[in-house]
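Notes follow once the structure below has been shown.
What you see is a predicted model; the values in this text were computed from it and never measured.
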Amino acid sequence: DAGVIQSPRHEVTEMGQEVTLRCKPISGHNSLFWYRQTMMRGLELLIYFNNNVPIDDSGMPEDRFSAKMPNASFSTLKIQPSEPRDSAVYFCASSSRTANTEAFFGQGTRLTVV
Amino acid sequence: AQSVTQLGSHVSVSEGALVLLRCNYSSSVPPYLFWYVQYPNQGLQLLLKYTSAATLVKGINGFEAEFKKSETSFHLTKPSAHMSDAAEYFCAVSDTGGGNKLTFGTGTQLKVEL
């Protein structure tokens, strides 16, 4: 398996623009997580899905952030409109609740909002 | 709520010396504990995990950790540091072994000197 695949790896956008981050989880995994990493706040969970259903979105900063998982092999995290304080590395991770596996992380998307 | 505390944001050791990275946890349920490593510009990779079986857990790259309930600790050790061990290390806690969210510590940057 190729692991968790995130795209793009790097994104630079202007303040106010819409940004969409994409994630393909490991095949067969039924849990998907979006984390954000910053120097100030470390690694924080934004949202996670089980069987494509959002379970906990309490970490989503505000209404500008939204996440979807239309099927078991794809998820998006959207920021609209983006702000400079959204600059961070965004990680997607997947795991199998059924097989009780640990979380496997993607390489991350480094977002810079100017 | 679950949490982990990593003592020491930066640790420096000489090559060949013992590595000790500290992690203390807080959990109202029997915890599942993890150590992840992050190399520059990479995602997180699992080093080892404790899932209530053996209290001494061996991981990859010669690392191991011991779960001590009485001390609420899960410190990471390696007998002999190698230059390639230089990275950031994160301790994390969950209430299940898989499919549930991880709560991360703030990380410890390990520097290995000649």
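Near-neighbour residues of residues 38-47 of chain B relative to chain A, defined by a heavy atom under 4.5 Å from a heavy atom of that chain, comprise B:Q38, B:N41, B:Q42, B:G43, B:L44, B:L46. Contacts from residues 85-93 of chain B to chain A, taken as heavy-atom pairs separated by less than 4.5 Å, involve B:F90 in sequence order.
In this structure, the side chain of B:Y32 does not engage the main chain of A:E102 through any donor-acceptor pair within 3.5 Å. Side-chain atoms of A:Y35 come within 3.5 Å of backbone atoms of B:L102 as a donor-acceptor pair (strictly under, hydrogens ignored).
Under a hydrophobic clustering in which Ile, Leu, Val, Met, Phe, Trp and Tyr are joined whenever their side-chain heavy atoms come within less than 4.5 Å, directly or via other members, A:F91 and B:Y36 fall into the same cluster. One hydrophobic cluster, built from ILVMFWY side chains closer than 4.5 Å, holds both B:F63 and B:Y25. Hydrophobic clustering keeps A:V114 apart from A:Y90 (ILVMFWY residues linked when any side-chain heavy atoms are closer than 4.5 Å, directly or through intermediates). Residues A:V12 and A:V19 do not share a hydrophobic cluster, clusters being chains of Ile/Leu/Val/Met/Phe/Trp/Tyr side chains in contact below 4.5 Å. Both B:L110 and B:L114 are assigned to one and the same hydrophobic cluster, defined by single-linkage of ILVMFWY side chains at heavy-atom distances under 4.5 Å.
Taking a 6.0 Å sphere around CD of A:E14, one finds it holds 12 or fewer heavy atoms contributed by other residues, nucleotides or ligands. Heavy-atom neighbours of A:D63 CG from other residues, nucleotides or ligands within 6.0 Å: at or below the threshold of 12.
Heavy atoms closer than 4.5 Å to chain B are found in the side chain of A:L45, but not in its backbone.
Between B:N100 and A:Y48, the shortest heavy-atom distance links the atoms OD1-OH, 2.9 Å.
Between chain B and the residues A:H29, A:Q6, A:R110, A:Q37, the largest count of heavy-atom pairs under 4.5 Å involves A:Q37.
For the atom pair NZ (B:K101) and OG (A:S95), the distance works out to 13.5 Å, reported to the nearest 0.5 Å.
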